[in-house]
Student: 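Have a look at this one.
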Amino acid sequence: MELGLVGLGKMGGNMRERIRRAGHTVLGYDRNPDLADVHSLEELVGKLEGPRVVWVMVPAGEATQSTIDELAELLQPGDVVVDGGNSRWTDDEKHAEELAAKGIGFVDCGVSGGVWGLENGYALMYGGDKEHVAKVQPVFDALKPEGDFGSVHAGKVGAGHFAKMVHNGIEYAMMQAYAEGWELLEKVDSVTDVREVFRSWQEGTVIRSWLLDLAVNALREDEHLEGLRGYAQDSGEGRWTVEAAIDNAVPLPAITASLFARFSSRQEDSPQMKMIAALRNQFGGHAVEKK
């Protein structure tokens, strides 16, 4: 099938390549002309055969809104827009309503996989009407990891981004637990090789995980994370998860505490936040602050 892909950054560029490797045609647009296949959204839409599928992979908020607004004026009834960024699920409901008024379908898709997605595949959580999801299904199949898992039609519009938001909230708490354990091990005199302790946990233990593997990678590159400042940004989903928990009266003490721990990293050079920063850089290519 043909796909229009808007946004060719760290994830979008690799997604274009993975979809192409599966035998599909991808036309990509990015504000950076060195990355783009076409040079405007109008050109992108004009080169796609109907019914069109256009996947938006740009930052949440104003960038996504303006892109969808422009596509709404260019696309035709029967076309479908996919928002694969980290939008808030409440924005999905608004976008779906605006596009439906013009006969254009909308699917929201939470995407996890970071800079490793090209090689390993992307975990996909999507929401929307079955008829709209069906038009995008070949692309979902191309992006997902091999095997039976890694892709789910989570429910109606907004369900994909809500599921991805909860995924990221869990990620916050898991990273915080590894970071706290690492700091305690580094603190005591009796443990002389913290890196090897972490490495020993990679097989046979109940806490083994891909995040643990990435922690070992980070410690292999910088054994005591001395080159990093203990600062970790939060990208929004953690806050939204806590807000949703409050709205639904669901207790989330671990996730909430991990979010507040990120805030503490802005007050001092936190050792725990060095590990959080290192992990975010490992799995997602997120920027770190050097000392």
Student: Please evaluate residues Arg280 and Met175 with respect to the criterion side-chain contact (heavy atoms from CB on, under 4.5 Å), reporting the C-alpha separation (whole Å), side-chain torsions for both, the decisive distance (0.1 Å), and the verdict.
Tutor: CA-CA 9 Å; Arg280 295 180 80 244; Met175 289 196 292; 4.0 Å; yes
Student: Could you check whether any side-chain N or O of Asp108 sits under 3.5 Å from a backbone N or O of Gly158, counting only pairs where one atom can act as donor and the other as acceptor?
Tutor: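 Checking the backbone N and O of Gly158 against the side chain of Asp108, a donor-acceptor pair under 3.5 Å is found.
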Student: Does Arg31 have any salt bridge (charged side-chain N to carboxylate O under 4.0 Å, His left out) partners at least two apart in sequence or in another chain, and if so, which?
Tutor: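 Counting only residues at least two positions away or on another chain, Arg31 forms no salt bridge (charged side-chain N to carboxylate O under 4.0 Å, His left out).
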Student: Is a side-chain N or O of Arg18 found less than 3.5 angstrom from the main chain of Leu143, in a donor-acceptor match?
Tutor: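 At least one qualifying donor-acceptor pair exists.
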Student: Just jot down the side-chain hydrogen bond (donor to acceptor under 3.5 Å, both in side chains) partners of His286, sequence neighbours excluded, or say none.
Tutor: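 His286 satisfies side-chain hydrogen bond (donor to acceptor under 3.5 Å, both in side chains) with no other residue.
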Student: Taking Thr64 for the side chain and Pro59 for the main chain, is one N or O donor matched with an acceptor at less than 3.5 Å?
Tutor: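 Pair found, side chain donor or acceptor close to backbone of Pro59.
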Student: With clusters built from Ile, Leu, Val, Met, Phe, Trp and Tyr whose side-chain heavy atoms come within less than 4.5 Å, directly or transitively, what are the remaining members of the cluster of Leu99, listed by chain and number?
Tutor: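 Leu99 clusters with Val6, Leu27, Tyr29, Val38, Leu41, Leu44, Val45, Leu48, Val54, Val56, Val58, Ile68, Leu71, Leu74, Leu75, Val81, Ile104, Phe106, Val157.
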Student: Residues in salt bridge (charged side-chain N to carboxylate O under 4.0 Å, His left out) with Arg208, at least two apart?
Tutor: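 Arg208 satisfies salt bridge (charged side-chain N to carboxylate O under 4.0 Å, His left out) with no residue once adjacent residues are dropped.
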Student: For Ser40, check side chain to side chain contact (heavy atoms under 4.5 Å, CB included) against everything at least two apart and list the hits.
Tutor: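 Partners of Ser40 by the side chain to side chain contact (heavy atoms under 4.5 Å, CB included) criterion, ordered by chain and then number, come out as Glu42, Glu43.
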Student: Ile207 and Leu184: same hydrophobic cluster, using ILVMFWY side-chain contacts below 4.5 Å?
Tutor: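 Cluster IDs for Ile207 and Leu184 differ.
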Student: Scan residues 62-78 for pairs that pass salt bridge (charged side-chain N to carboxylate O under 4.0 Å, His left out), counting only residues two or more places apart or in two chains.
Tutor: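 Qualifying pairs, neighbours excluded: Glu73-Lys102.
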Student: Determine, step by step, whether Glu186 and His224 satisfy the side-chain hydrogen bond (donor to acceptor under 3.5 Å, both in side chains) criterion, reporting the C-alpha distance in whole Å, the side-chain angles of both residues, the deciding distance to 0.1 Å, and the verdict.
Tutor: CA-CA 8 Å; Glu186 285 276 327; His224 303 289; 3.1 Å; yes
Student: Can Arg262 be said to sit on top of Tyr172's aromatic six-ring, NZ or CZ under 6.0 Å from centre and within 45° of the ring axis?
Tutor: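 Positive - Arg262 is close enough to the ring of Tyr172 and near enough to its axis.
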Student: Holding to side-chain hydrogen bond (donor to acceptor under 3.5 Å, both in side chains), I want the full list of residues that pass it with Thr67, two or more places apart in sequence or in another chain.
Tutor: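 With sequence neighbours excluded, Thr67 shows a side-chain hydrogen bond (donor to acceptor under 3.5 Å, both in side chains) to no residue whatsoever.
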Student: Strictly distance-based, threshold 3.5 Å: is any side-chain N or O of Ser66 a donor or acceptor partner for the main-chain N or O of Ala63?
Tutor: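 Yes, because the side chain of Ser66 sits within donor-acceptor range (under 3.5 Å) of the backbone of Ala63.
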Student: May I ask whether Leu225 and Val191 are part of the same hydrophobic cluster, defined by side-chain heavy atoms of I, L, V, M, F, W, Y residues being less than 4.5 angstrom apart, directly or through others?
Tutor: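 In one cluster with Leu225: Val191, yes.
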Student: For the pair Asp79 (side chain) and Gln76 (backbone), establish whether a donor and an acceptor sit closer than 3.5 Å, ignoring hydrogens and angles.
Tutor: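 At least one qualifying donor-acceptor pair exists.
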Student: Given 3.5 Å as the limit, does a donor-acceptor pair link the side chain of Arg20 with the main chain of Val26, or not?
Tutor: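 Here the side-chain-to-backbone pair exists.
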Student: Under a 3.5 Å threshold, yes or no: a donor from one side chain and an acceptor from the other, between Asp83 and Ser87?
Tutor: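 Yes - a donor-acceptor pair under 3.5 Å links their side chains.
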Student: Under 3.5 Å, is there a donor on one side chain and an acceptor on the other for Ser151 and Tyr126?
Tutor: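 There is such a pair (donor and acceptor under 3.5 Å, judged by atom type) between the side chains of Ser151 and Tyr126.
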Student: Checking Asp193 side chain against Glu196 main chain: does a donor-acceptor pair fall under 3.5 Å?
Tutor: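 Yes: the side chain of Asp193 pairs with the backbone of Glu196.
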Student: Test: salt bridge (charged side-chain N to carboxylate O under 4.0 Å, His left out). Region: residues 232-242. Which pairs qualify, not counting sequence neighbours?
Tutor: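 Applying salt bridge (charged side-chain N to carboxylate O under 4.0 Å, His left out) to every pair that reaches into residues 232-242, excluding sequence neighbours, yields Asp234-Arg239, Asp234-Arg266.
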Student: Taking His24 for its side chain and Met1 for its backbone only, find out whether a donor-acceptor pair lies under 3.5 Å.
Tutor: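 Pair found, side chain donor or acceptor close to backbone of Met1.
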Student: Verify, without hydrogens or angle tests, whether His95 (side chain) and Asp91 (backbone) share a donor-acceptor contact under 3.5 angstrom.
Tutor: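 Yes; at least one donor-acceptor contact below 3.5 Å.
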Student: Only distances under 3.5 Å count here; give the side-chain donor-acceptor pairs of residues 128-140 to other protein atoms, sequence neighbours excluded, each with its distance to 0.1 Å.
Tutor:
unit_1 : atom_1 : unit_2 : atom_2 : d
Lys135 : NZ     : Gly78  : O      : 2.8
Gln137 : NE2    : Asp141 : OD1    : 3.1

Student: Could you tell me if the side chain of Gln272 sits less than 4.5 Å from the side chain of Gln176, heavy atoms only?
Tutor: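 Side-chain contact under 4.5 Å: yes.
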Student: Would you say that Val111 contacts Lys164 through its side chain, given a criterion of any heavy-atom pair below 4.5 Å between the two side chains?
Tutor: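 A side-chain contact is absent here, since even the closest heavy-atom pair is not under 4.5 Å.
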Student: Return the set of residues passing ring pair (Phe, Tyr, Trp, His ring centres under 6.0 Å) with Trp89 (not counting sequence neighbours), or none when no residue passes.
Tutor: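 Phe162.
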Student: Using every non-hydrogen atom in the two residues, find where Asn14 and Leu118 come nearest and quote the distance to one decimal.
Tutor: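 Shortest heavy-atom contact: O-CD1, 3.6 Å.
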Student: Hydrophobic clustering (ILVMFWY, side-chain heavy atoms < 4.5 Å, transitive) - are Met273 and Leu185 grouped together?
Tutor: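 Linked within one cluster.
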Student: Membership question, hydrophobic clusters at under 4.5 Å side-chain separation (ILVMFWY): are Leu124 and Val152 in the same one?
Tutor: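 Different clusters.
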Student: I'd like to check the salt bridge (charged side-chain N to carboxylate O under 4.0 Å, His left out) partners of Arg88; sequence neighbours left out, ordered by chain and number.
Tutor: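 With sequence neighbours excluded, Arg88 shows a salt bridge (charged side-chain N to carboxylate O under 4.0 Å, His left out) to Glu243, given in chain and number order.
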Student: With a 4.0 Å cut-off, would you call Glu98 and Lys94 a salt bridge?
Tutor: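 So Glu98 pairs with Lys94 through a salt bridge.
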Student: Hey, could you give me the NZ/CG distance between Lys156 and Asp92, rounded to the nearest 0.5 Å?
Tutor: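 If I round to the nearest 0.5 Å, the distance is 12.5 Å.
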Student: Among all residues two or more places apart in sequence or in another chain, which pass the side chain to side chain contact (heavy atoms under 4.5 Å, CB included) test with Glu97?
Tutor: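 Partners of Glu97 under the side chain to side chain contact (heavy atoms under 4.5 Å, CB included) test: none.
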Student: Between Trp182 and Trp210, is there shared hydrophobic-cluster membership here, with clusters defined by ILVMFWY side-chain heavy atoms closer than 4.5 Å?
Tutor: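 Same cluster.
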Student: Do the side chain of Trp116 and the main chain of Gly284 share a donor and acceptor less than 3.5 angstrom apart?
Tutor: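 Such a contact is absent between Trp116 side chain and Gly284 backbone.
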